[in-house]
J.: 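Input: one structure, supplied below.
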Amino acid sequence: MNITSKTTVVITGGASGMGLATVEWFAQKGAKIAILDSNIALAQEVASRVGAIAFECDVRDAYSVEQAIAQAREAHGSARIGVSCAGICPASRIVGKTGPMPLEDFKRVIDINLVGTFNVMRLLSADMIPLDPVTESGERGVIINTASVAAYEGQIGQTAYSASKGGVISMALPAARELAQFGIRVNTIAPGIMGTPMVTAMPQAVQDSLAASVPFPKRLGHPEEFARLVGHIVENEMINAEVIRLDGAIRMAPR
């Protein structure tokens, strides 16, 4: 799909990290961008800077996402591209010093990372289906979800996070198969250790240790590299139902 000034993009979690980098990448391409984020103040600040629009959104809540997408549609038209970057990455052992992990903590991670991703995907794809195709092949839209290498090699304390991202990965193929008849592609990116605010806020020694664990290049991934991969997936019509690792060949060993 070619990205033009008429292309509408909806990005969840677009106020920071990889979502922010993706917003900036599409802004450089001249696309019409709607940022959906729970931090509306930060989202509006970003939107003002890059010429986007921003709506407060809780991806776990059906009504919240419905309203945000409806507002984006009213302002920019139905989205052709949807990128889900909203998510959390807490660490908690199954049984810690204070006892078993509270079940609500596990559910919260699943609700935001997995249920939230599905919630956005179901509503955006419903909006894309009635649209006219934009390519000779009949393409109507592209949906890109965000997983993690933790889905494959989760560390101690990442049971909930790994489960949520494993679910996102498992959705890629059946969702792509189901939406193929409508000309909608579904792909997933599984980043490794990225230089997002959560990581760059760590002590430098910790960041250096994380970077040293990456085979090549021996550094943290740049959010801009995630954004460029999103762009390539959008523009390359043959990429469908894929889960692409963006990790510098890292394979996380147990810790």
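If you're wondering where the values come from, they're calculated on a predicted model, not measured in any experiment.
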J.: If you measure from CD on Q44 to CZ on R49, what distance do you get to the nearest 0.5 Å?
T.: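 Spacing of CD (Q44) from CZ (R49) equals 14.0 Å.
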J.: Any salt bridge (Lys or Arg N to Asp or Glu O under 4.0 Å) involving residues 181-200? Give me the pairs, sequence neighbours left out, ordered by first then second residue.
T.: E139-R185
J.: If a pair satisfies side chain to side chain donor-acceptor pair (under 3.5 Å) and one of its residues is in residues 28-38, list it, with sequence neighbours excluded.
T.: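 Output for this query is empty, none listed.
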J.: Please give me the minimum heavy-atom distance between A176 and N240, naming the atom from each residue.
T.: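 Heavy-atom minimum between the residues: CB-OD1, 3.6 Å.
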J.: Name all residues meeting the salt bridge (Lys or Arg N to Asp or Glu O under 4.0 Å) criterion together with R245; count only those two or more places apart in sequence or in a different chain, and write none if there are none.
T.: E153, D247
J.: Return the CD to CD1 distance between Q207 and I193, rounded to the nearest 0.5 Å.
T.: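 Answer for the CD-CD1 pair, Q207 versus I193, is 11.0 Å.
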J.: Got a second to check how far M18's CE is from L246's CG, nearest 0.5 Å?
T.: 8.5 Å
J.: Establish, from distance only, whether the side-chain atoms of T188 and E242 form a donor-acceptor pair under 3.5 Å.
T.: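 The criterion, which ignores hydrogens and geometry beyond distance, is not satisfied for E242 and T188.
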J.: I'd like to know whether D58 forms a side chain to side chain donor-acceptor pair (under 3.5 Å) with S64, so could you lay out the CA-CA distance, the side-chain angles of the two residues, the decisive distance to 0.1 Å, and finally the verdict.
T.: CA-CA 6 Å; D58 180 348; S64 179; over 6 Å; no
J.: In chain order, what residues pass the side-chain hydrogen bond (donor to acceptor under 3.5 Å, both in side chains) check against N187, with sequence neighbours excluded?
T.: none
J.: Output every pair passing salt bridge (Lys or Arg N to Asp or Glu O under 4.0 Å) with a member in residues 189-218, not counting sequence neighbours, ordered by first then second residue.
T.: none
J.: Taking a hydrophobic cluster as the set of Ile, Leu, Val, Met, Phe, Trp and Tyr residues connected by side-chain heavy atoms closer than 4.5 Å, whether directly or through intermediates, do I11 and I3 fall within one such cluster?
T.: yes
J.: Taking the hydrophobic residues Ile, Leu, Val, Met, Phe, Trp and Tyr, and joining any pair whose side-chain heavy atoms are under 4.5 Å apart, which ones share a cluster with V243?
T.: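 Result for V243 is Y152, I169.
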